[in-house]
J.: 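Before we start, here is the structure in question, set down as structure tokens.
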Number of protein chains: 2
Amino acid sequence: MDAVTRRGDQAARAANSRLVHDFGLLIKAATRLEQRIDTALRQDCGIGHTMFEVLIRLCRQPGEEVSQRVLADDVTLTSSGITRLVDRMEEAGLVRRVPSPEDRRSVLVEPTDDGRAVFLRAVAVHARVVERYFVTPVARDDYARLTGSLHQIHQALRDGTD
Amino acid sequence: MDAVTRRGDQAARAANSRLVHDFGLLIKAATRLEQRIDTALRQDCGIGHTMFEVLIRLCRQPGEEVSQRVLADDVTLTSSGITRLVDRMEEAGLVRRVPSPEDRRSVLVEPTDDGRAVFLRAVAVHARVVERYFVTPVARDDYARLTGSLHQIHQALRDGTD
DNA sequence: GGTCAATTACTGACCAGTCAATTGCTGAGT
DNA sequence: ACTCAGCAATTGACTGGTCAGTAATTGACC
């Protein structure tokens with residue numbers, strides 16, 4: 001058996017490994033779910049999934065304004081990404097930028113009343129899809145463990161630096 | 001209490017709902033994990049996460065060639081996305097295109113020996129990150145349930161058409 | 001056997017994000 | 001009080017994807 005064949009078999013073993021398979025499940029489930037929600041939101045509300053995530057953060061407590069930096073961290077975008085996203089959302093009349101009174105580098109963002117209205121419609125669409133493809137398929141008593149595990153992973157990512 | 005305030009509270013309730021929070025966990029965990037892997041792979045192997053996923057599929061059984069269509073489905077890309085990705089991978093010497101003998105519309109893709117070598121290095125990097133941020137943080141006896149749930153979600157997405 | 005709808009890959013135009021560099025501001029150390 | 005390292009936001013150049021449209025091929029049906 002020559003070196004190339006041996007490498008092929010080794011690669012096959014790796015490609016079929018448990019770890020690779022399991023992790024693939026996470027990635028595929030998440031991306032496909034996100035896509036479904038994105039297209040549903042676009043159809044019914046005219047916004048995409050990332051704008052929706054921004055609105056979630058902004059609506060969390062009424063009257064609170066959130067800096068772009070915080071927003072970027074929360075939505076998993078770079079600061080330039082957030083700049084451009086907020087540009088589009090401002091353009092669409094969903095949010096307003098207001099200069100931060102206590103730090104003149106910072107820009108605060110708040111939802112417009114229109115933004116909140118869109119959010120309310122969007123959240124219904126979101127709930128429908130999530131209910132159907134995330135909650136329902138999971139066995140009743142596995143759901144808590146699932147979210148618990150995701151929480152742990154989230155923590156690990158937040159803490160781990162390498 | 002005026003209409004705007006009422007809407008604000010309603011939005012806040014929605015934004016803090018269990019469903020929104022739980023699903024957010026899935027999305028954030030997945031995207032951050034994918035980013036970690038992507039940067040690790042780029043540093044150590046010069047390929048990104050999507051190329052890696054293609055290689056996984058291509059290496060699964062040695063000698064097998066896979067059509068771009070199948071590849072696109074597997075990696076969750078459109079067919080034009082795959083065309084361009086395979087362009088870059090061919091350019092980089094990781095894969096080879098060969099015309100399908102039984103369907104002249106179709107293009108088959110196979111890894112080069114170089115591609116397999118890169119894959120073997122990449123899979124080690126991948127394993128390190130996945131082990132650390134996906135396996136370890138999850139309680140020993142929750143892991144099986146986690147992957148089981150993900151499998152169910154995956155199924156639901158495959159079957160559901162709306 | 002000829003027609004036609006469906007399927008595969010590819011392409012141009014575009015979109016949504018990244019990265020690297022820049023500007024303006026802040027706060028800690030001396 | 002002054003400097004200076006670091007942070008927030010923005011911008012230009014780029015990357016990696018989408019979408020809509022096209023051409024070639026296929027297979028099912030009459």
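Quick note on labels: first sequence line is chain A, next is B, and so on, each numbered from 1.
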J.: Between C1' on D:dC19 and CG on A:D38, what's the gap in Å once rounded to a whole number?
T.: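 Rounded to the whole Å, the gap is 14 Å.
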J.: What about A:R105, does its side chain sit under 3.5 Å from the base of D:dC7 through a donor-acceptor pair?
T.: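 Between D:dC7 and A:R105, which were checked side chain against base, a qualifying N/O pair under 3.5 Å is present.
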J.: Atom CG of A:L85 and atom P of D:dT10: how far apart are they, to the nearest Å?
T.: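 Taking atom P of D:dT10 as the reference, CG of A:L85 is at 12 Å.
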J.: With a 3.5 Å cut-off and just heavy-atom distances, do the side chain of B:S80 and the base of D:dC19 make a donor-acceptor pair?
T.: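 Looking at the base of D:dC19, it does pair with a donor or acceptor on the side chain of B:S80 (distance under 3.5 Å).
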J.: Confirm from the modelled atom types if B:R42 and D:dG16 form a donor-acceptor pair under 3.5 Å, side chain to base only.
T.: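 Per atom types, no contact qualifies.
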J.: Measuring from the side chain of A:D103 (C-beta onward, heavy atoms only), which nucleotide among D:dG17, C:dT8, C:dC25 has the closest atom?
T.: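 Nearest listed nucleotide: C:dC25.
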J.: Taking the nucleotide of DNA chain C with the closest heavy atom to each, which residue, A:T76 or B:S106, is nearer the 5' end?
T.: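 Residue closer to the 5' terminus by nearest nucleotide: B:S106.
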J.: With a 4.0 Å cut-off, would you call B:R13 and B:D9 a salt bridge?
T.: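 The answer is no: the pair does not qualify as a salt bridge.
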J.: Is the ring centre of A:F134 less than 6.0 Å from the ring centre of A:Y143?
T.: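 They qualify: ring centres under 6.0 Å apart.
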J.: Look at the side chain of A:R84 and the base of C:dT18, then say whether one donor and one acceptor between them are separated by less than 3.5 Å.
T.: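 Under the 3.5 Å cut-off, the side chain and the base do form a donor-acceptor pair.
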J.: Quiz question: by atom type and distance under 3.5 Å, do the side chains of A:D2 and A:T5 form a donor-acceptor pair?
T.: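 Yes, A:T5 and A:D2 have a side-chain donor paired with an acceptor closer than 3.5 Å.
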J.: Expressed in angstrom and rounded to an integer, what is the separation of B:R88 atom CZ from D:dG17 atom C1'?
T.: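 So the CZ-C1' distance, B:R88 to D:dG17, works out to 8 Å.
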J.: Quick check on D:dG17: is either OP1 or OP2 less than 4.0 Å from any side-chain nitrogen or oxygen of B:T50?
T.: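 Answer yes for this pair, as a side-chain N or O of B:T50 is under 4.0 Å from OP1 or OP2.
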J.: Return no unless some side-chain N or O of A:R97 is found under 4.0 Å from OP1 or OP2 of D:dA8.
T.: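 No, because none of the side-chain N or O atoms of A:R97 sits under 4.0 Å from OP1 or OP2 of D:dA8.
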J.: D:dT18 P sits how many Å from A:H49 NE2, rounded?
T.: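 These atoms are roughly 17 Å apart.
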J.: Please state whether the phosphate of D:dT11, meaning OP1 or OP2, lies under 4.0 angstrom from any side-chain nitrogen or oxygen of A:T83.
T.: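 Indeed not, no polar side-chain atom of A:T83 lies that close.
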J.: To the nearest Å, give me how far apart CD (B:E53) and C1' (D:dG16) are.
T.: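 Computing the B:E53:CD to D:dG16:C1' distance gives 15 Å.
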J.: Write down the distance between CG (B:D87) and P (C:dC10), rounded to a whole number of angstrom.
T.: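 After rounding, the gap between these two atoms is 7 Å.
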J.: Under 4.0 Å, heavy atoms only, any strand: does B:I82 hit a base, just the sugar-phosphate, or nothing?
T.: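 No contact at all - B:I82 keeps every heavy atom at 4.0 Å or more from the nucleic acid.
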J.: Looking only at side-chain atoms of A:Q68, point me to the closest of C:dT18, D:dA9, C:dA9.
T.: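 Nearest nucleotide to the side chain: D:dA9.
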J.: Should the pair B:H154 and B:H151 be assigned to parallel (<30°), tilted (30 to 60°) or perpendicular (>60°) ring geometry?
T.: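 B:H154 and B:H151: parallel rings.
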J.: Determine: side-chain N/O of A:R104 to OP1/OP2 of C:dG27, distance under 4.0 Å, yes or no.
T.: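 No, because none of the side-chain N or O atoms of A:R104 sits under 4.0 Å from OP1 or OP2 of C:dG27.
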J.: For B:E90 and C:dA9, give me the distance from atom CD to atom C1', rounded to whole Å.
T.: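 Rounded to the whole Å, the gap is 13 Å.
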J.: Taking CZ from B:R69 and C1' from D:dT26, how many angstroms apart are they, rounded to a whole number?
T.: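 In whole Å, D:dT26 C1' and B:R69 CZ are 15 Å from each other.
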J.: Is it true that a side-chain atom of A:T112 and a backbone atom of A:G93 form a donor plus acceptor pair closer than 3.5 Å?
T.: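 It does hold such a pair.
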